Amino acid sequence: MWTLLIWFSCTVQTTNEQPSTSTSTKENSTQEPVLDLKPQIVILGDSLTAGLGLDIGSAYPALVEKELNTLGYSTEILNAGQSGDTTSGGLHRVDWILQQKPDLLIVELGANDGMRGIPLSEIEKNLHSIIKKSQNADVPIFLMDMYIPPSFGKEYSDGFHKIFAKVATENNIPLLPFILKDVVGKPELNQADGIHPTVEGHEI
């Protein structure tokens, strides 16, 4: 959340102010209405973003939007989560998303790649490509950190996690914390599959 707040304070004017005028006549007192143009954030992700098993209003993108608006940062967050999506799928979807001219793109992808044993080099290449497409479209982009369980092999799981910091550093973009940092491994915060958060998990 703090990274988003910093982004808002640095790049987005959160209040609509009328330009000052030197006249105060009745003829000039009627001003054109100010459009409330909310910054638009798109989160490109998988089932964690989509809120698998829950109403979409209970998934974290909707909750972050609500909290930002409560804090006075008027915004709209579009949930572009798709269950089962991979970095390859995200790469194929990102062109259409960028055509919508969002003010910020957040990428939450990679878990399904890791659980399918996709080569690390391919995951890294796909993330680089998504980021480059966003940068070429002049759309700021954040990347979420990602882990997979060590049961997939320590060498592979360690190498998988290192990709995200490496890609973020090489592209000079913010790396957001792992979305399940305080939720993973806690049965009371996850659905029966042990992977997807409950409503309470998404709130955290």
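Note that the structure is a prediction, hence the values are computed from the model and not measured. The chain is numbered in sequence order, starting from 1.
I43 pairs with exactly one of L48, T49, I97 by the side chain to side chain contact (heavy atoms under 4.5 Å, CB included) rule, that one being T49. For the pairing with N112, the side chain to side chain contact (heavy atoms under 4.5 Å, CB included) check across T87, T86, I148, I118 returns one residue only, T86.
When atom types are taken as modelled, the side chain of E65 and the backbone of I77 share a donor-acceptor pair closer than 3.5 angstrom. Judged by distance alone, the side chain of N190 and the main-chain N or O of V183 form a donor-acceptor pair under 3.5 Å. Side-chain atoms of S47 never come within 3.5 Å of backbone atoms of A50 as a donor-acceptor pair (strictly under, hydrogens ignored).
In this structure, I41 CD1 and L78 CG are separated by 9.5 Å, a value rounded to the nearest 0.5 Å. Between L63 atom CG and L68 atom CG the span is 11.0 Å, to the nearest 0.5 Å. Note: I204 CD1 to I179 CD1 = 11.0 Å, rounded to the nearest 0.5 Å. If you take CD1 on I130 and CG on N171, they are separated by 11.0 Å, rounding to the nearest 0.5 Å. Atom CZ of residue F160 and atom CD1 of residue I123 lie 5.5 Å apart, to the nearest 0.5 angstrom. How far OG1 of T75 is from NZ of K66: 16.0 Å, rounded to the nearest 0.5 Å.
Hydrophobic clustering, with ILVMFWY side chains joined whenever heavy atoms are under 4.5 angstrom apart, keeps L54 apart from L189. Tracing side-chain contacts under 4.5 Å through hydrophobic residues (I, L, V, M, F, W, Y), one never reaches L52 starting from V184; they form parts of separate clusters. I106 is not connected to I56 by any chain of hydrophobic side-chain contacts under 4.5 Å among Ile, Leu, Val, Met, Phe, Trp and Tyr, and they are in different clusters.
Across all their heavy atoms, A111 and D46 have their closest contact at CB-OD2, 4.0 Å. Contact record, G51 with A59: CA-CB, 3.8 Å, taken as the closest heavy-atom pair. Among all heavy-atom pairs drawn from G114 and F152, the shortest one is O-CD2, 4.0 Å. Across every non-hydrogen atom of L109 and G45, the tightest pair is CD2-C, 3.6 Å. A pairwise comparison of heavy atoms in M144 and F164 identifies O-CD2, 3.5 Å as the closest pair. In this structure, D85 and G89 approach most closely via the heavy-atom pair OD1-CA, 3.1 Å.
Not counting sequence neighbours, the partners of P119 by the side-chain contact (heavy atoms from CB on, under 4.5 Å) test are S121, E122. For H161, the ring pair (Phe, Tyr, Trp, His ring centres under 6.0 Å) criterion is met by Y147, not counting sequence neighbours. Annotation: side-chain contact (heavy atoms from CB on, under 4.5 Å) contacts of D193 (sequence neighbours excluded): Q191, I195, H196.
Between V139 and V42, the closest side-chain pair of non-hydrogen atoms is not below 4.5 Å. Two residues are said to be in side-chain contact when any heavy atoms from C-beta on lie closer than 4.5 Å; K38 and N69 meet this criterion. Side-chain contact between D113 and M146 is absent, with no heavy atoms from C-beta onward closer than 4.5 Å. The shortest distance between side-chain heavy atoms of L180 and P197 falls below 4.5 Å.
Contacts classified as salt bridge (charged side-chain N to carboxylate O under 4.0 Å, His left out) and involving residues 161-170 (residues at least two apart or in different chains) are given here: E124-K166, K166-E170. Sorted by first then second residue, the salt bridge (charged side-chain N to carboxylate O under 4.0 Å, His left out) pairs that include residues 127-142, not counting sequence neighbours, are D95-K133. Screening residues 142-158 for salt bridge (charged side-chain N to carboxylate O under 4.0 Å, His left out) gives K154-D158 as the qualifying pairs, with residues at least two apart or on separate chains.
A 6.0 Å sphere centred on CG of N136 holds more than 12 heavy atoms belonging to other residues, nucleotides or ligands.
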